[in-house]
Amino acid sequence: MSSLGRASALIGAGTLISRVTGLLRTIVLVGVIGSVGAGAADAFAIANQLPNNVFSLISVGVLTAVIIPQIVKATADADGGNAFISKLFTLGTVVLVVITGIATIAAPWLVWLYAGKEGSAEFLALATAFAYWCMPQILFYGLYALLGEALNARRIFGPFTWAPVVNNIVSIAGFLVVGALFGGPLTRVSDWTPEMIAALGGTATLGIVIQAAILLIFWRRTGLALRPDFRWRGVGLGNVGRLAGWTFLMALTSLGAGLVQTQILTEASGRGASVATFQYAWLIFMLPYSIIVLSIGTPYFTQISEHAAAGRHAEVRADIAQSIRTLLFFIAVAVAAVAAAAIPASRVFTNQASHAEEAALVLLAFLVCLVPLTILFIVQRTFYAYGDTRTPFWFTLFQCALVVVTALVAQWLLAAEIIEVTMLAAAIALGQSIASTLQMIVASWLLHRKIGGLQIRTWMTAVVRYAVAAVPAGFAGWGVFLLLGGPTGWTTSDKIQGAIGTCIIGLAVVVVYIGILAVLRAPELKVASGMLRRFLPRR
């Protein structure tokens, strides 16, 4: 357990710094290109998201679902998995190069597909120009993920988590140069020249290139000799392909749902919260998820994979219960803190105070599913640990169908003038949260049937304790926000004041939360304090 704690601390520290520098990166980007109501920001948001979408279609699900369990199994080979990993990396690199080339050629069509009927010719031209600079990211995202997941499978967790920090620093420096050279915010589509586009798009891609290259420095710690090997027969890659087929379909359905969301969101471009605001709200939402869930959950996933491979099912059930209890201890207070500080936190990513409330509404809609997504993280990866990628496809298909339906309902509500255009993004975000919550319920039920129980009573009792502490803590944080002036106070007057106000409100929430749990004598406090004691001396 101490090794899990150390790994979680290392990943948590790296993720925290990565996310903080990522927030700074986004703040600088907003200063250059704008956010709410900015057509240029939406054009860049669509173009820069395309590599992520294409990459997720071909690799992310495969890597998470297949690579770690397969590498864990391959370590039992006589050569420690060296031949398998070299062949796997060679095949992966070839596939990534081919897909990157195809996606780059298809950039105009992909942009048109995402922008939908609302995109003007000028808007589509700008987004396409950005896309040409951003599409090479697919290759380097893929190499970064292949290297990082292999390192994780060998219990070398740090580099994969810390490399994005360098990416963010490079991007921040590049965006500052763009702002210094060309001014800002350049919110109008007509403001952008080819030189500006090259500078912004090239900076975004350069950061990803460096992020991938850094992991090669740490590869020797695996003890494996990575070399090109095109002899792909006889090492079990066929089994990887069969497992990956379901995750490919799962990524495809998720991509389709995201496509529908983006097309509908563009109806608000230039008039209110749209694609860029939706992505920025998701970024804030993902901050606690990344710092807490990924840092603590990733080592648990490796351990669950080891126990599942050994057929130790009772230990898998114990891992699930303990990981969920530990994760939700931190996630509950994170939900309360972000909800209380939603407006000042959103002000950090907007250029006007009047836009902060509109963006905060999107953030609050996303927060509805933070707890369900945390549980889903463990549940879904347990299926992967058992080599089952088909079942996650079906409950993800269910979720994607609900996402599409709720997005279409939001579009209908806008057309019927039941909601205003400024509420469209929030309505779509709320629909996604509802869909993810129902997905978690279905997935948990299916896993319960598969492995004979999830020890639900043990962690549901803990969830009730967390809720008893988190709800009043959230109201206390909201009270602090009102004491600081509320929506018209100093916490929304500027980006820096917004960040400071967010920290003050969050601190108040944490103090009240811990105080209530101490009064309740919650046993989870000892676990949390133990993790912190293992972490702080090492820092």
Side-chain angles (χ1 to χ4, degrees), residues 40-67 88-116 119 121 123-149 164 167 171 192 194 197-213 215 240-241 244-263 265-266 275-276 278-279 282 396 400:
D42 292 329
F44 181 75
I46 290 174
N48 200 44
Q49 186 63 26
L50 282 175
N52 291 276
N53 291 341
V54 175
F55 172 63
S56 68
L57 177 62
I58 61 173
S59 296
V60 170
V62 175
L63 289 166
T64 302
V66 179
I67 297 303
L88 187 65
F89 270 69
T90 304
L91 176 61
T93 301
V94 170
V95 171
L96 287 167
V97 169
V98 172
I99 295 297
T100 301
I102 294 173
T104 302
I105 294 172
W109 181 79
L110 291 172
V111 167
W112 174 83
L113 191 63
Y114 272 84
F123 179 89
L124 292 173
L126 178 61
T128 301
F130 278 132
Y132 280 128
W133 282 98
C134 294
M135 279 302 185
Q137 295 175 18
I138 298 170
L139 171 62
F140 297 102
Y141 270 131
L143 294 176
Y144 164 74
L146 278 170
L147 291 166
E149 295 290 7
N167 169 24
S171 297
W192 288 82
I197 295 168
L200 188 66
T203 294
T205 298
L206 177 62
I208 306 302
V209 174
I210 295 175
Q211 175 179 289
L215 295 190
V240 172
W246 289 105
T247 57
F248 177 86
L249 292 175
M250 183 167 58
L252 182 62
T253 56
S254 298
L255 186 63
L259 171 62
V260 173
Q261 284 183 323
T262 303
Q263 287 183 336
L265 281 167
T266 56
V275 180
F278 194 82
Q279 290 183 7
W282 180 257
T396 300
C400 290

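Nothing here was measured: the structure is a model prediction, and the numbers come from that model.
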Contacts of type ring pair (Phe, Tyr, Trp, His ring centres under 6.0 Å), residue W192, not counting sequence neighbours: F130
Residue pair I208 / F140: nearest heavy atoms and the distance that separates them: CG2-CB, 3.8 Å
Inter-residue atom distance M135.CE - I99.CD1, 0.5 Å rounding: 11.5 Å
Closest non-hydrogen atom pair between L50 and A131, with its separation: CD1-CB, 4.2 Å
Worked verdict on D42 versus F123 for side-chain contact (heavy atoms from CB on, under 4.5 Å): CA-CA 9 Å; D42 292 329; F123 179 89; 4.0 Å; yes
Closest heavy-atom pair and its distance - L255, Y114: CD1-OH, 2.9 Å
Heavy-atom pair with the smallest gap, counting every atom of A103 and L110: O-CD1, 3.9 Å
Side-chain donor or acceptor of T205 paired with backbone N/O of W133 under 3.5 Å: yes
Closest non-hydrogen atom pair, A212 against L143: CB-CB, 4.5 Å
Contacts of Q261 that satisfy side-chain hydrogen bond (donor to acceptor under 3.5 Å, both in side chains) - sequence neighbours left out: Q432
Criterion side-chain contact (heavy atoms from CB on, under 4.5 Å) on S254 and T396, from CA distance to verdict: CA-CA 8 Å; S254 298; T396 300; 3.7 Å; yes
Check: L139 main-chain N/O paired with T100 side-chain donor or acceptor under 3.5 Å: yes
Spacing of CD belonging to Q279 relative to CD1 belonging to I46, to within rounding of 0.5 Å: 8.5 Å
Shortest non-hydrogen contact between A47 and C134, atoms and distance: O-CB, 3.8 Å
